[in-house]
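A note on names: the letters A, B, ... follow the listed sequences, proteins ahead of strands, and every chain is numbered from 1.
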Amino acid sequence: MDLIAELQWRGLIHQCTDTEGLQKQLDSGPQTVYIGFDPTATSLHVGSLMQLMMLRRFQQAGHRPIALVGGATGMIGDPTGKSEERNLLSADQLAANVAGIEAQMRQFLRFEGDNAALLLNNFDWMKGYSYLEFLRDVGKNFPVGTMMGKESVRARLGSEAGLSYTEFSYMLLQAYDFVYLCREHDCLIQAGGSDQWGNVTAGIDLGRRMLGKQLFGITAPLLTTSDGRKMGKTEKGAVWLDRSRTSPYAFYQYWINVGDEDVLRCIAYLTEIEKEEYDQLAEATAQDPGRRAAQKRLAEWMTGFCHGEDGLQAALAASKILFGGAIEDMDDAGLNEIFADVPSNDLQRDSLTGEGLWIVEALQQAGLVKSGGEARRAIKDGGVYLNNQRVTEMDLRLSASDLASESVMVLRKGKRNYALLRFAD
RNA sequence: GGGGGUUUGCCCGAGUGGUUAAAGGGGGCGGACUGUAAAUCCGCUGGCUACGCCUACAUUGGUUCGAAUCCAAUAGCCCCCA
C-alpha cells in the first residue's frame with residue numbers, strides 16, 4: 001500500500017495543500033519531510049507521539065524524515081490555539097528540554113542507513129541571524145494583511161489577552177524553517193497537526209516567494225476524544241513518554257481505559273497495526289464491547305512500542321496485581337517495581353513485634369486515611385485490604401507474618417487506592 | 001454618612017432556646033453490580049485513648065439550669081437612601 005493510501009485509511013490526512021501534487025512528488029522518488037516539535041518539556045507526550053509516528057510512516061515508506069526541535073521557536077512561543085501568552089523558557093531550560101526530546105526521538109526514528117532521519121534544531125540557524133537581516137530577507141515577504149487573516153492571530157486579537165509582537169512574529173520563524181530546510185536539505189514537505197495549518201501554509205508562501213519552489217503541506221487531525229477534548233491528558237496531567245514521568249503501568253492503563261468511541265481512532269492514528277487487524281478489532285468492538293479487545297490491543301501495542309517488551313510485561317504484571325490479583329511469592333524488588341507509583345511510608349520494623357501494629361494506625365501511617373475515624377469506617381464498610389485480602393476485624397494487629405515480602409506490606413482502601421508500608425530495621 | 005438584611009459542616013441549603021454533630025441536596029469515600037466503563041442500588045461522610053469524651057453553626061462577650069437558636073459589639077457580604 002502506498003503512503004498516501006495508508007495515511008488515508010488511517011484518517012491521518014486532515015488537510016493537504018495539493019494531494020495530487022504531493023502524490024506525484026512522492027512517486028517521483030524519496031522525499032524529505034519535516035515536522036516541528038515544541039521543546040516545552042524534557043519529554044514528549046502522547047500528543048507529539050502522533051507526529052512522531054507520522055515521520056516514522058514516511059521513513060518506512062522510504063522517505064527521509066527531519067524532526068525539527070524548536071530551540072529557537074520555543075523561545076518565542078507559538079500563539080496558535082493558546083488563550084494567552086506563555087512564559088518564555090530560559091535558554092538553559094530550553095537546552096535541557098531539547099536534549100531530553102532528542103533522546104526520545106532516537107527510539108522511534110532510524111538515524112542511520114539509507115534515508116536516515118535527521119534531527120535538527122532551528123536554534124542552530126536562527127541564533128546567528130541578525131534581526132536586521134531577518135527583517136530584510138524574511139519579513140519583507142510577509143504582507144501584514146495576510147498575517148492578520150490567520151486564525152491564530154485573529155483569535156487572540158479579539159481576546160482580552162491580546163497578542164504581543166513577539167508572538168505575532170512566531171509564524172515568520174516557522175515559515176523560515178521550512179524555507180531553510182528546503183534550501184539546505186531539499187525538504188519539500190511539512191507535516192503537522194491540523195492546528196499548524198496556518199503556520200504550514202505561511203511556510204509554503206514564503207518558499208514560493210524566496211525560492212520560487214512549490215512546497216507541500218499536510219496536516220493530521222488532532223488526537224481528541226469523541227467529545228472534543230484533547231487526548232493524552234489525565235487528571236494528573238499529560239501522559240508522557242518518559243517512564244520516569246509516566247510509568248509503563250500508568251501508560252498501559254491510560255490506553256486500556258480509552259473509551260469505545262475513541263479506541264479505534266487511536267489505533268489508526270498511533271499504531272502500526274495493519275488494516276486487516278484493525279477491521280477485526282472494529283468488528284470485535286461492535287460485537288462485544290465489553291471484552292475490550294481493541295483497548296487491550298492498543299495498550300499492548302503502545303506500551304510495547306514505547307517501553308519495550310520488559311516495560312510491557314511489567315505493566316501487565318502490575319495491572320494484574322493492582323486489580324485485585326493475589327499477592328503471593330513476591331519479593332521486595334518485585335513489589336517496589338509494581339507499586340512504583342504508589343505512595344509509601346517507612347516504619348520501624350520493631351513496630352511489628354509485641355502487640356503489633358494496629359490496622360487503624362497502619363492505615364493512617366500509610367496515608368490512606370486522614371483520621372482514625374475514617375479508618376474505622378473504611379474497615380466497617382469492608383473497604384480495606386491487606387495484601388489484597390479484605391480486612392474484617394477492626395482490631396487486627398499486624399505482625400511480621402503479615403508482610404507480603406521481606407519488608408513490605410501492601411495496604412489498599414477501596415478498589416484502587418494502594419499504599420505501601422516498608423519496615424526497615 | 002444614615003437604614004435594612006445576611007454569615008450554618010467540603011459546597012449549596014433547612015433549622016429553632018433543650019432527644020442537634022445539626023434535615024435535605026451536591027460532592028467525596030466505601031460496598032454490590034459491571035467492561036478496570038456508564039447507569040443504578042446500598043452504606044458512610046468533625047476528632048479522639050470511642051457504647052463514653054471533646055470541638056463545632058463568622059468573631060468576642062452577655063442573658064439562661066441550658067443557645068446554632070435571645071442580646072451587644074466587631075468583621076465580611078448584600079440591598080436601599082444621600
Between [N] and [M], how far is it from one [atom1] atom to the other, in whole Å?
N	M	atom1	result
B/A23	B/G15	C1'	8 Å
B/G5	B/G9	P	22 Å
B/C10	B/G46	C1'	12 Å
B/G1	B/A72	P	22 Å
B/C70	B/G76	C1'	23 Å
B/G13	B/G17	P	22 Å
B/G28	B/A37	P	15 Å
B/U7	B/C11	P	15 Å

Discussion item. According to salt bridge (charged side-chain N to carboxylate O under 4.0 Å, His left out), who are the partners of A/R376, at least two apart in sequence or on a separate chain?
Written reply: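 None.
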
Discussion item. Which residues pass the salt bridge (charged side-chain N to carboxylate O under 4.0 Å, His left out) test with A/E355, not counting sequence neighbours?
Written reply: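 Residues passing salt bridge (charged side-chain N to carboxylate O under 4.0 Å, His left out) with A/E355: A/R397.
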
For [X] and [N], what is the distance between atoms [atom1] and [atom2] respectively, to the nearest whole Å?
X	N	atom1	atom2	answer
A/I359	B/A50	CD1	P	18 Å
A/D381	B/G43	CG	P	11 Å
A/I379	B/C44	CD1	C1'	14 Å

Discussion item. I'd like to know if A/E6 pairs up with A/R10 as an ion pair, taking the criterion as any Lys NZ or Arg NE/NH1/NH2 lying under 4.0 Å from an Asp or Glu carboxylate oxygen.
Written reply: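 Salt bridge present between A/E6 and A/R10.
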
Worksheet item: Just wondering, are more than 12 heavy atoms of other shown residues or ligands nearer than 6.0 Å to CD in A/E406?
Response: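 More than 12 within 6.0 Å, yes.
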
Worksheet item: When A/H307 is tested against each of A/Y252, A/W240, A/F251 for ring pair (Phe, Tyr, Trp, His ring centres under 6.0 Å), which residue passes?
Response: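 Only one option passes, and that is A/F251.
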
N/O-N/O pairs, protein side and nucleotides 35-40 of chain B side, under 3.5 Å:
{"from": "B/G35", "atom 1": "O4'", "to": "A/G290", "atom 2": "O", "distance (Å)": "3.0"}
{"from": "B/G35", "atom 1": "O6", "to": "A/D260", "atom 2": "OD2", "distance (Å)": "3.2"}
{"from": "B/G35", "atom 1": "N1", "to": "A/D260", "atom 2": "OD1", "distance (Å)": "3.3"}
{"from": "B/G35", "atom 1": "N1", "to": "A/D260", "atom 2": "OD2", "distance (Å)": "2.7"}
{"from": "B/G35", "atom 1": "N2", "to": "A/D260", "atom 2": "OD1", "distance (Å)": "2.7"}
{"from": "B/U36", "atom 1": "OP1", "to": "A/R292", "atom 2": "NH2", "distance (Å)": "3.2"}
{"from": "B/U36", "atom 1": "O2'", "to": "A/N257", "atom 2": "OD1", "distance (Å)": "3.2"}
{"from": "B/U36", "atom 1": "O2", "to": "A/Q253", "atom 2": "OE1", "distance (Å)": "2.9"}
{"from": "B/U36", "atom 1": "N3", "to": "A/Q253", "atom 2": "OE1", "distance (Å)": "2.8"}
{"from": "B/U36", "atom 1": "N3", "to": "A/Q253", "atom 2": "NE2", "distance (Å)": "3.2"}
{"from": "B/U36", "atom 1": "O4", "to": "A/Q253", "atom 2": "NE2", "distance (Å)": "3.3"}
{"from": "B/A37", "atom 1": "OP1", "to": "A/R416", "atom 2": "NH2", "distance (Å)": "2.4"}

Discussion item. Within the 4.0 Å heavy-atom criterion, would you say A/Y254 contacts the bases, only the backbone, or no part of the nucleic acid?
Written reply: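 Nothing, no nucleic acid heavy atom in range.
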
Discussion item. What's A/R390 touching, base or sugar-phosphate or nothing? Going by heavy atoms closer than 4.0 Å.
Written reply: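 Sugar-phosphate, backbone atoms only, no base.
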
What donor-acceptor contacts under 3.5 angstrom involve side-chain atoms of residues 275-283 of chain A, with partners at least two apart or in another chain?
{"from": "A/K275", "atom 1": "NZ", "to": "A/D279", "atom 2": "OD1", "distance (Å)": "3.2"}
{"from": "A/K275", "atom 1": "NZ", "to": "A/D279", "atom 2": "OD2", "distance (Å)": "3.3"}
{"from": "A/E277", "atom 1": "OE1", "to": "A/R297", "atom 2": "NH2", "distance (Å)": "3.3"}
{"from": "A/E277", "atom 1": "OE2", "to": "A/R297", "atom 2": "NE", "distance (Å)": "2.4"}
{"from": "A/E283", "atom 1": "OE2", "to": "A/Q287", "atom 2": "NE2", "distance (Å)": "3.4"}

Worksheet item: Taking a pair as Watson-Crick (N1 to N3 plus N6-O4 or O6-N4) or G-U wobble (N1-O2 and O6-N3), both under 3.5 Å, which stems of 3 or more consecutive pairs involve RNA chain B?
Response: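 Stem list for RNA chain B: B:1-7 with B:75-81, B:10-12 with B:24-26, B:27-32 with B:40-45, B:46-48 with B:52-54, B:58-62 with B:70-74.
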
Fill in: Partners passing ring pair (Phe, Tyr, Trp, His ring centres under 6.0 Å) against A/F423 (at least two apart in sequence or in another chain)
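Result, ring pair (Phe, Tyr, Trp, His ring centres under 6.0 Å) vs A/F423: none returned.
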
Worksheet item: What pairs with A/F178 under ring pair (Phe, Tyr, Trp, His ring centres under 6.0 Å), at least two apart in sequence or on another chain?
Response: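 Checked A/F178 against ring pair (Phe, Tyr, Trp, His ring centres under 6.0 Å); matches are A/Y34.
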
Worksheet item: Would you call B/C51 syn or anti, using the 90° rule around 0?
Response: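 It is syn.
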
Worksheet item: Among pairs that include at least one residue of residues 239-259 of chain A, which meet salt bridge (charged side-chain N to carboxylate O under 4.0 Å, His left out), considering only residues two or more places apart or in two chains?
Response: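 Residue pairs passing salt bridge (charged side-chain N to carboxylate O under 4.0 Å, His left out), neighbours aside: none found.
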
Fill in: Residue pairs, two or more places apart or on separate chains, that pass salt bridge (charged side-chain N to carboxylate O under 4.0 Å, His left out) and touch residues 310-331 of chain A
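Those involving residues 310-331 of chain A do not exist here.
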
Item to complete: With sequence neighbours excluded, tell me which residues meet side-chain hydrogen bond (donor to acceptor under 3.5 Å, both in side chains) with A/Q348.
Response: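 A/Q348: no side-chain hydrogen bond (donor to acceptor under 3.5 Å, both in side chains) contacts found.
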
Polar atoms only, N or O, under 3.5 Å: list the protein pairs with nucleotides 47-49 of chain B and their distances.
{"from": "B/G47", "atom 1": "OP1", "to": "A/S371", "atom 2": "OG", "distance (Å)": "2.7"}
{"from": "B/G47", "atom 1": "OP2", "to": "A/R377", "atom 2": "NH2", "distance (Å)": "2.7"}
{"from": "B/C48", "atom 1": "OP1", "to": "A/G372", "atom 2": "N", "distance (Å)": "3.0"}
{"from": "B/C48", "atom 1": "OP2", "to": "A/G372", "atom 2": "N", "distance (Å)": "3.3"}
{"from": "B/C48", "atom 1": "OP2", "to": "A/G373", "atom 2": "N", "distance (Å)": "2.9"}

Worksheet entry | Residues which pass side-chain contact (heavy atoms from CB on, under 4.5 Å) with A/Q23, listed by chain and number, not counting sequence neighbours |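 Per chain and number, A/Q23 pairs via side-chain contact (heavy atoms from CB on, under 4.5 Å) with A/D2, A/I4, A/D27.
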
